[in-house]
2 protein chains.
Amino acid sequence: MKLSAKAEYACLAMLEMARRNPEEPPARIREIAGPSHIPERYLVQILLRLKGAGLVQSVRGASGGYHLARPAQRISLLDVLNAIDGPPEPMPDPTEPLARALLKVRRQASEAERKILAETTLESLVADLAAREWVI
Amino acid sequence: MKLSAKAEYACLAMLEMARRNPEEPPARIREIAGPSHIPERYLVQILLRLKGAGLVQSVRGASGGYHLARPAQRISLLDVLNAIDGPPEPMPDPTEPLARALLKVRRQASEAERKILAETTLESLVADLAAREWVI
DNA sequence: ACCATGTTGACTAAATTGGTCAACTATCAG
DNA sequence: CTGATAGTTGACCAATTTAGTCAACATGGT
């Protein structure tokens with residue numbers, strides 16, 4: 001599954017926020033970017049889109065930052081990727097029979113992938129992560 | 001499922017050859033390109049890669065052309081896409097725990113997609129096509 | 001009032017994509 | 001033999017996308 005750097009950064013940033021306690025003060029850009037070595041100036045753009053999609057909220061001012069807009073349990077990877085790449089624009093059905101048959105298979109493949117991404121929430125990933133650290 | 005123009009042309013060209021009778025003389029580039037409106041000069045490059053991958057054979061000379069290297073039943077869409085894009089290069093496991101968790105999901109999604117493409121053969125697509133024309 | 005933070009849009013360098021072109025080689029028909 | 005028709009190869013190019021930077025501004029806690 002191909003993933004642009006932008007999309008990957010977005011997922012990592014969301015996961016970074018997801019693993020923080022919701023009671024803590026909002027995470028600063030530097031704190032989000034640090035662990036994954038995301039260029040800070042670039043992350044700014046990404047967070048802006050995530051905010052536009054309603055996935056995160058920002059707090060301005062001297063002790064501001066970002067936090068998830070809803071519980072990690074209710075945000076899927078699909079939500080994040082759609083926020084970054086935009087929703088997949090529907091392709092018009094081609095008239096050529098060969099192209100139609102091909103498109104049908106592509107849609108099957110897309111659906112299989114979509115299902116996996118929709119079932120994976122930020123919380124399930126963070127939980128999986130915590131489980132791994134447990135055995136160390 | 002994102003598909004480059006090159007990859008789509010490759011699939012359409014393979015399907016065009018698959019639906020011809022194996023007894024017929026090889027298909028000329030013009031005949032392959034025609035129905036799908038593929039730029040001929042571009043198709044040349046694509047066929048060359050398909051040949052390099054062992055999926056088609058070429059016949060040179062005045063009445064030459066291209067035909068499948070093995071029965072359509074034994075060529076999957078995955079074979080075609082791998083021939084064009086190259087096999088997916090294995091990504092090194094990242095050290096950051098977050099990135100690891102993310103990669104795991106990506107691999108699941110890739111595998112789901114891969115399975116669909118590997119199960120779909122040129123013959124099954126052509127058969128599906130023939131079935132549709134039957135009811136017309 | 002200050003200064004650390006977020007907000008926004010313009011900008012750019014590099015990689016990828018989609019495609020063209022020209023020169024060459026092989027082979028069949030006559 | 002010879003010429004027309006086909007494939008072979010590699011260089012080339014323009015448009016788009018990607019990845020990232022920068023500068024100028026707005027906001028709000030201390």
Side-chain angles (χ1 to χ4, degrees), chain A residues 1-14 16-17 20 24-34 36-69 81 83-86 88-89 99, chain B residues 1-14 16-17 20 24-34 36-69 81 83-86 88-89 99:
Chain A
M1 181 200 178
K2 223 176 68 90
L3 203 56
S4 66
K6 195 173 194 171
E8 177 156 11
Y9 291 162
C11 292
L12 291 174
M14 290 297 282
E16 191 62 38
M17 287 182 273
R20 297 171 74 94
E24 293 178 65
R28 283 175 293 247
I29 288 204
R30 191 160 309 155
E31 294 169 338
I32 300 175
S36 302
H37 307 108
I38 307 173
E40 294 181 22
R41 308 297 188 107
Y42 196 26
L43 181 56
V44 166
Q45 287 187 19
I46 294 168
L47 286 169
L48 211 49
R49 297 204 61 157
L50 293 173
K51 185 190 171 190
L55 294 183
V56 304
Q57 284 174 356
S58 67
V59 178
R60 306 181 74 145
S63 59
Y66 289 89
H67 59 86
L68 298 184
L81 296 183
I84 293 302
D85 299 335
E89 57 196 48
Chain B
M1 183 200 178
K2 223 175 65 93
L3 203 56
S4 66
K6 194 173 195 170
E8 177 156 11
Y9 290 162
C11 292
L12 291 173
M14 290 296 283
E16 191 62 39
M17 287 182 273
R20 296 170 74 93
E24 294 178 63
R28 283 176 293 247
I29 287 203
R30 191 159 310 155
E31 295 168 339
I32 300 175
S36 302
H37 308 107
I38 307 173
E40 295 181 21
R41 309 298 189 104
Y42 196 27
L43 181 56
V44 166
Q45 287 187 19
I46 294 168
L47 285 169
L48 210 50
R49 299 206 60 159
L50 293 174
K51 185 190 172 192
L55 295 184
V56 303
Q57 284 174 355
S58 67
V59 178
R60 304 180 74 142
S63 58
Y66 288 89
H67 58 86
L68 298 185
L81 296 182
I84 294 303
D85 299 335
E89 55 195 50

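In what follows, chains carry the letters A, B, and so on, assigned in the order in which the sequence lines appear, proteins first and then strands, with residues in each chain numbered from 1.
Rounded to a whole Å, the CD1 atom of A/Ile46 is 11 Å from the P atom of D/dT21. Going from atom OH of A/Tyr42 over to atom C1' of C/dC11 covers 14 Å, rounded to whole Å. With rounding to whole Å, B/Ile84 atom CD1 is found 16 Å from C/dT16 atom C1'. Remark: C1' of C/dG6 and NE2 of A/His67 are 13 Å apart, rounded to the nearest angstrom. Across the protein-nucleic acid pair, B/Glu40 atom CD and C/dG19 atom P stand 14 Å apart, rounded to whole Å. We find that NE2 of B/His37 is positioned 14 Å from P of C/dG19, with the value rounded to whole Å. Regarding A/Leu3, its CG atom lies at a distance of 14 Å from the C1' atom of D/dA19, rounded to whole Å. Here D/dT27 presents its C1' atom at 17 Å from CD of A/Gln57, a figure rounded to the nearest Å.
Atom SG of B/Cys11 and atom CD1 of B/Ile84 lie 8.0 Å apart (nearest 0.5 Å). With rounding to the nearest 0.5 angstrom, the OH atom of A/Tyr66 is 13.0 Å from the CG atom of A/Leu55. The CG atom of B/Leu12 sits 11.0 Å away from atom CE of B/Met17, with the distance rounded to the nearest 0.5 Å.
The only option from A/Ile46, A/Val56, A/Ile32, A/Leu47 that meets the side-chain contact (heavy atoms from CB on, under 4.5 Å) definition with A/Met14 turns out to be A/Val56.
Every residue two or more places apart in sequence or in another chain that forms a side-chain contact (heavy atoms from CB on, under 4.5 Å) with B/Glu24 is listed here: B/Arg20, B/Asn21. Legend: residues meeting side-chain contact (heavy atoms from CB on, under 4.5 Å) with A/Val44, ordered by chain and number and at least two apart, are A/Ile29. Checked against side-chain contact (heavy atoms from CB on, under 4.5 Å), A/Pro39 has the following partners two or more places apart in sequence or in another chain: A/Tyr9, A/Tyr42.
Residues B/Met1 and B/Leu81 meet the side-chain proximity criterion, which asks for heavy atoms closer than 4.5 Å.
Near DNA chain D, meaning a heavy atom under 4.0 Å from it, residues 4-11 of chain A has A/Ser4, A/Ala5, A/Lys6, A/Tyr9 in order of number.
End-to-end axis angle of the helix from C/dA1-D/dT30 to C/dG30-D/dC1, using five pairs per end and rounding to 10°, comes to 10°.
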In B/S/- notation, 5' to 3', how is nucleotides 4-17 of chain D contacted by protein heavy atoms closer than 4.0 Å?
-> -BSSBB-B------
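The minimum heavy-atom distance between A/Ala69 and A/Gln57, with the atom names listed, is CB-CG, 4.0 Å. In plain terms, the two heavy atoms of B/Pro26 and B/Glu31 that are nearest each other are O-OE1, 4.4 Å.
Note on residues 37-54 of chain A: pairs passing salt bridge (charged side-chain N to carboxylate O under 4.0 Å, His left out), not counting sequence neighbours, are A/Arg30-A/Glu40.
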